[in-house]
Amino acid sequence: MAGEGAGVGSDGRQRLLAARNAYTRTASPHHDEVPPHVAHRARREGGLGTADIGALPPWKRLRAGTRWAGALMAVAEAEVRPATAAAVAAVRDTSLSRSAAARAGRAAPAGLPGLVSGDAPAPAVLTAAAPDRRAACDRRAHAGLRSLGIPLAHSRGRYGRHIDAIDRLLAAAPDPVRTWTPRETDTALSCLPSLSPAPPSA
């Protein structure tokens, strides 16, 4: 299995199911309560503010004491929310495919520290803005895709390719994996590298 949009075979399906089960056993059932709260405020107020973005590092296990976080705190709230409003609108646009919406959302919050480049902070913001349509994108999820034979190039636009790879993976997978949300898939992918390799087929 190769390429950025390949399906997953029976061994891969079993590994994904095992990884998803491992996540649900070890993660708190309250861990994913943050994004819906952030999404609700974004709908009400027309974008994500500094406090909303500040709630995300613990959820995504990001380091809050980084340069981008300090720089973001130096930006006026009156500038942050309008800058994220276009991203929120883009990722919620159901007329776009999930990968196209991911690309549009990724390109929208121009200039905000932490959201210009890199895999973790910006996708966390977009996932919180539309938790039913988005998946997080970090080194653990990439490692999970790579372990299934779906490597992603490190070039520009990787978040859109990440969502596209998840959509293709789900479309080609048998039940129950086919019915997973992108976020459920992302949690399984993040746990995959910590599992033992699948045994060779008989």
Side-chain angles (χ1 to χ4, degrees), residues 1-29 31-32 34-35 56-57 59-63 91 94 96-107 117-202:
M1 187 171 26
E4 292 190 346
V8 58
S10 58
D11 285 346
R13 171 179 173 270
Q14 292 304 319
R15 292 179 62 219
L16 278 170
L17 288 170
R20 177 64 186 165
N21 288 336
Y23 176 82
T24 57
R25 284 196 311 270
T26 57
S28 166
H31 182 78
D32 275 351
V34 169
L56 300 178
W59 169 65
K60 272 310 293 154
R61 301 180 178 90
L62 302 177
R63 289 175 53 218
V91 295
T94 55
L96 299 175
S97 69
R98 287 193 296 219
S99 58
R103 291 183 179 93
R106 187 69 181 83
S117 62
D119 280 340
V125 167
L126 299 180
T127 302
D132 55 334
R133 301 194 77 215
R134 298 271 66 81
C137 171
D138 56 26
R139 59 181 177 79
R140 293 182 296 271
H142 290 322
L145 281 173
R146 193 163 52 248
S147 76
L148 292 173
I150 310 174
L152 298 181
H154 285 268
S155 55
R156 187 178 179 86
R158 185 154 76 151
Y159 184 53
R161 294 194 301 276
H162 178 84
I163 298 298
D164 186 56
I166 286 179
D167 279 349
R168 291 176 181 271
L169 186 155
L170 292 176
D175 291 333
V177 176
R178 184 195 301 268
T179 62
W180 286 357
T181 65
R183 174 59 182 157
E184 287 172 327
T185 311
D186 142 37
T187 58
L189 289 171
S190 295
C191 287
L192 263 182
S194 64
L195 299 181
S196 299
S201 301

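Every heavy atom of this structure was used, including side-chain atoms; hydrogens, water molecules and symmetry mates were not. Since the model is a prediction, treat every value here as computed from it, not as a measurement.
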Does [X] use its side chain to pair, donor to acceptor, with the backbone of [Y] at less than 3.5 Å?
X	Y	value
Arg178	Ala171	yes
Arg161	Leu152	no
Arg13	Val177	no

Could you pull out the closest heavy-atom pair between [X] and [Y], with the gap in Å?
X	Y	result
Ala102	Leu126	O-CD1, 4.2 Å
Ser194	Cys191	OG-O, 2.7 Å
Gly144	Pro193	N-CG, 3.8 Å
Ala141	Ser190	N-OG, 3.9 Å
Pro123	Arg106	CD-NE, 4.4 Å
Thr179	Glu184	O-OE1, 4.3 Å

Can you list the steps and then say if Leu189 with Tyr23 is a side chain to side chain contact (heavy atoms under 4.5 Å, CB included)?
CA-CA 10 Å; Leu189 289 171; Tyr23 176 82; over 6 Å; no

Would Leu169 and Leu148 count as a side chain to side chain contact (heavy atoms under 4.5 Å, CB included) if you check the C-alpha gap in whole Å, the side-chain angles of each, and the deciding distance to 0.1 Å?
CA-CA 10 Å; Leu169 186 155; Leu148 292 173; 3.8 Å; yes

How many angstroms lie between [atom1] in [X] and [atom2] in [Y], if you round to the nearest 0.5 Å?
X	Y	atom1	atom2	value
Arg133	Thr181	CZ	OG1	12.5 Å
Trp180	Ile166	CH2	CD1	11.0 Å
Asp11	Leu16	CG	CG	11.0 Å

Set of residues satisfying side-chain hydrogen bond (donor to acceptor under 3.5 Å, both in side chains) with respect to Thr187, sequence neighbours excluded:
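Only Arg20 meet the side-chain hydrogen bond (donor to acceptor under 3.5 Å, both in side chains) criterion with Thr187.
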
Quick one: side-chain hydrogen bond (donor to acceptor under 3.5 Å, both in side chains) partners of Ser97, sequence neighbours excluded?
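Ser97 satisfies side-chain hydrogen bond (donor to acceptor under 3.5 Å, both in side chains) with Ser99 only.
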
Intermediate values then yes/no, side chain to side chain contact (heavy atoms under 4.5 Å, CB included), Leu192 and Arg15:
CA-CA 7 Å; Leu192 263 182; Arg15 292 179 62 219; 3.7 Å; yes

A side-chain contact here means heavy atoms from C-beta on lying under 4.5 Å apart; do Leu145 and His162 qualify?
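SC-SC contact between Leu145 and His162 confirmed.
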
Would you check if Pro176 and Leu17 make a side-chain contact, meaning some heavy-atom pair closer than 4.5 Å?
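Pro176 vs Leu17: side chains touch.
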
Can you name the salt bridge (Lys or Arg N to Asp or Glu O under 4.0 Å) partners of [X], sequence neighbours left out?
X	value
Arg146	none
Arg103	none
Asp32	Arg183

Please enumerate all residues that pass side chain to side chain contact (heavy atoms under 4.5 Å, CB included) together with Ala128, with sequence neighbours excluded.
Pro35, Val38, Leu56

